Asker: 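For reference, the structure I am asking about is given below.
Computed from a prediction, not measured in an experiment: that's the story for all the values here. The first residue in the sequence is number 1, and the count goes up from there.
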Amino acid sequence: MSAKQQVRVFLSSTFVDMQKERDYLVKKIFPSIKAECRRRGVDFVALDLRWGINEETARSGKVVEICMDEIVRSRPFFIGLIGGRYGWIPQEGDEAITEKLLIKYPWIKDCVKDGLSITEMEMQFGVLNNPEPINAYFFQKDEIAIPGKFREKRGSEHAQKLSRLKSAVKEAADAGKCTLGSYSTMKALG
């Protein structure tokens with residue numbers, strides 16, 4: 001008897017501002033994908049590691065390591081959601097950046113020095129800097145649909161970094177490395 005095939009999809013985004021999108025995908029969209037996969041003899045697993053994890057917990061080194069490990073195990077499947085927030089940027093010495101993490105993923109040290117958010121690190125590692133072909137989909141929320149409380153302050157360092165990340169994803173999509181779509185409603189995202 002052969003083992004059942006499995007499709008593992010890593011879902012990456014910032015926390016609070018993308019919670020409704022994550023909930024919608026996990027509760028409304030992924031069940032139908034899971035059912036279709038099951039019909040074809042494939043197990044569909046969506047890895048949404050932020051369920052039940054608050055920002056404080058996520059700052060622990062174990063969570064960052066688990067995210068990177070799951071990206072590896074999910075390849076070649078990745079979904080990135082981009083809204084109006086850039087995300088948490090760890091600093092050198094933060095408990096999230098452990099010795100074990102840096103031994104396993106030494107490139108993270110440069111990301112921390114460059115001031116990248118954990119979300120951008122996921123997207124860079126999972127797709128943008130990955131030399132292998134991958135089934136990656138990015139969904140960018142239309143500016144008009146982003147509530148003010150979930151927008152980076154215009155001209156701020158985080159806003160500039162978010163703009164740079166959006167440009168990098170667009171360049172990757174233009175080069176055929178991933179697919180990029182935009183949405184303004186949950187239905188359009190689905």
Side-chain angles (χ1 to χ4, degrees), residues 2-15 17-18 21-22 24-26 28-51 53 58 63-83 85-90 101-112 114 116-142 161-183 188-190:
S2 66
K4 194 173 193 179
Q5 286 186 315
Q6 189 177 68
V7 171
R8 297 170 63 86
V9 179
F10 188 86
L11 181 57
S12 176
S13 78
T14 50
F15 282 109
D17 62 322
M18 291 285 111
E21 282 84 348
R22 287 174 168 274
Y24 183 77
L25 291 173
V26 169
K28 300 286 186 188
I29 302 303
F30 292 163
S32 61
I33 294 172
K34 188 175 194 116
E36 181 60 25
C37 286
R38 191 177 321 112
R39 190 180 72 74
R40 296 175 183 217
V42 177
D43 189 25
F44 176 83
V45 178
L47 293 151
D48 183 353
L49 299 180
R50 302 229 165 89
W51 276 80
I53 297 175
V63 173
V64 176
E65 183 181 349
I66 290 168
C67 284
M68 299 307 159
D69 289 349
E70 288 301 336
I71 289 170
V72 171
R73 282 194 279 279
S74 297
R75 284 187 176 143
F77 303 104
F78 188 97
I79 295 174
L81 302 175
I82 302 174
R85 305 251 347 249
Y86 180 65
W88 174 65
I89 300 172
L101 176 69
L102 294 176
I103 289 169
K104 200 169 191 178
Y105 301 106
W107 53 268
I108 288 179
K109 188 171 188 170
D110 290 334
C111 292
V112 171
D114 292 341
L116 270 57
S117 69
I118 295 297
T119 304
E120 181 169 357
M121 288 182 207
E122 291 172 357
M123 292 176 178
Q124 292 285 352
F125 181 56
V127 181
L128 304 175
N129 291 336
N130 185 0
E132 301 297 319
I134 188 164
N135 294 304
Y137 298 87
F138 285 91
F139 300 95
Q140 187 172 312
K141 193 168 192 173
D142 293 334
K161 289 180 178 191
L162 179 60
S163 178
R164 187 197 69 236
L165 175 59
K166 288 178 178 181
S167 293
V169 170
K170 184 175 181 335
E171 287 174 21
D174 290 346
K177 195 167 190 169
C178 62
T179 300
L180 173 61
S182 63
Y183 69 97
L189 173 63

Asker: Say whether, by atom type as modelled, one donor and one acceptor occur between the side chain of Ser117 and the main chain of Tyr86 under 3.5 angstrom.
Answerer: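 At least one qualifying donor-acceptor pair exists.
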Asker: Set out, in order, the CA-CA distance, both residues' side-chain angles and the distance that settles side-chain contact (heavy atoms from CB on, under 4.5 Å) for Met121 and Met68, then state yes or no.
Answerer: CA-CA 9 Å; Met121 288 182 207; Met68 299 307 159; 3.9 Å; yes
Asker: Compare all side-chain heavy atoms of Val127 with those of Tyr137 and state whether any distance is below 4.5 angstrom.
Answerer: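 No - every pair of side-chain heavy atoms lies 4.5 Å or more apart.
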Asker: Between Lys161 and Glu120 (salt bridge meaning N to carboxylate O under 4.0 Å), is one present in this structure?
Answerer: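 Not counted as a salt bridge, because no side-chain N and carboxylate O are separated by less than 4.0 Å.
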Asker: Look up atom CZ in Phe138 and atom CE in Met123, then write down how far apart they are to the nearest 0.5 Å.
Answerer: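 Here the rounded value is 5.5 Å.
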Asker: Working to the nearest 0.5 angstrom, can you tell me the gap between Ile82 CD1 and Thr14 OG1?
Answerer: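 Output value for this atom pair is 9.5 Å.
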Asker: Enter the distance from Ile79:CD1 to Phe30:CZ here, rounded to the nearest 0.5 Å.
Answerer: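 Reported value, rounded in 0.5 Å steps: 4.0 Å.
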Asker: What's the spacing between Leu47 CG and Glu70 CD if we round to 0.5 Å?
Answerer: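 Between Leu47 CG and Glu70 CD, I get 5.0 Å after rounding to 0.5 Å.
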Asker: Any donor-acceptor pair under 3.5 Å linking the side chain of Lys177 with the backbone of Asn130?
Answerer: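 Yes: the side chain of Lys177 pairs with the backbone of Asn130.
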Asker: Go through Thr119 and Leu165 one step at a time and tell me if the side-chain contact (heavy atoms from CB on, under 4.5 Å) criterion holds.
Answerer: CA-CA 10 Å; Thr119 304; Leu165 175 59; 5.5 Å; no
Asker: Using atom types as modelled and distance alone, determine if a side-chain donor or acceptor of Arg22 lies under 3.5 Å from a backbone N or O of Leu11.
Answerer: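 Here the side-chain-to-backbone pair exists.
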Asker: Nearest heavy-atom pair of Pro76 and Ile134: which atoms, and what distance?
Answerer: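 Looks like O-CG1, 2.8 Å.
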Asker: Please report the closest heavy-atom contact between Pro90 and Ile118, naming both atoms and the distance.
Answerer: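 Result for this residue pair: CG-CD1, 3.7 Å.
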Asker: Rounded to the nearest 0.5 Å, how far apart are CE of Met18 and NZ of Lys141?
Answerer: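 These two atoms lie 5.0 Å from each other.
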Asker: Please test Phe139 against Glu21 for side-chain contact (heavy atoms from CB on, under 4.5 Å), starting from the C-alpha separation and ending with a verdict.
Answerer: CA-CA 10 Å; Phe139 300 95; Glu21 282 84 348; over 6 Å; no
Asker: Are the side chains of Leu189 and Leu81 in touch, meaning some heavy atoms are under 4.5 Å apart?
Answerer: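 Side-chain contact under 4.5 Å: yes.
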Asker: Which heavy atom of Phe44 sits nearest a heavy atom of Ala46, and at what distance?
Answerer: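 Reported closest heavy-atom pair: CE2-CB, 3.9 Å.
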Asker: Tell me if the centroids of the rings in Trp107 and Phe125 come within less than 6.0 Å of each other.
Answerer: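 Trp107 vs Phe125: aromatic centres under 6.0 Å.
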Asker: Quick one: closest heavy-atom pair of Gly126 and Ile71, and the distance?
Answerer: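 The answer is CA-CG2, 3.5 Å.
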Asker: Minimum heavy-atom separation for Val9 and Phe77, please, with both atom names.
Answerer: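 Where Val9 meets Phe77 most closely, the heavy atoms are CG2-CB, 3.7 Å.
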Asker: For Lys104 and Glu65, run salt bridge (charged side-chain N to carboxylate O under 4.0 Å, His left out): C-alpha distance rounded to whole Å, both residues' side-chain angles, the deciding distance at 0.1 Å, then the answer.
Answerer: CA-CA 8 Å; Lys104 200 169 191 178; Glu65 183 181 349; 3.2 Å; yes
Asker: Between NZ of Lys170 and CG of Leu180, what distance do you get to the nearest 0.5 Å?
Answerer: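 Spacing of NZ (Lys170) from CG (Leu180) equals 7.5 Å.
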Asker: Does the side chain of Ile33 reach to within under 4.5 Å of the side chain of Val7, using non-hydrogen atoms?
Answerer: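 Side chain of Ile33 against side chain of Val7, heavy atoms only: no contact under 4.5 Å found.
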Asker: Let's go through Leu116 and Ile108 carefully: what are the C-alpha distance in whole Å and the side-chain angles of both, what is the deciding distance for side-chain contact (heavy atoms from CB on, under 4.5 Å) to 0.1 Å, and is it a yes or a no?
Answerer: CA-CA 9 Å; Leu116 270 57; Ile108 288 179; over 6 Å; no
Asker: Could you pull out the closest heavy-atom pair between Ser182 and Asp142, with the gap in Å?
Answerer: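 Looking at all heavy atoms of both residues, the shortest contact is CB-OD1, 3.3 Å.
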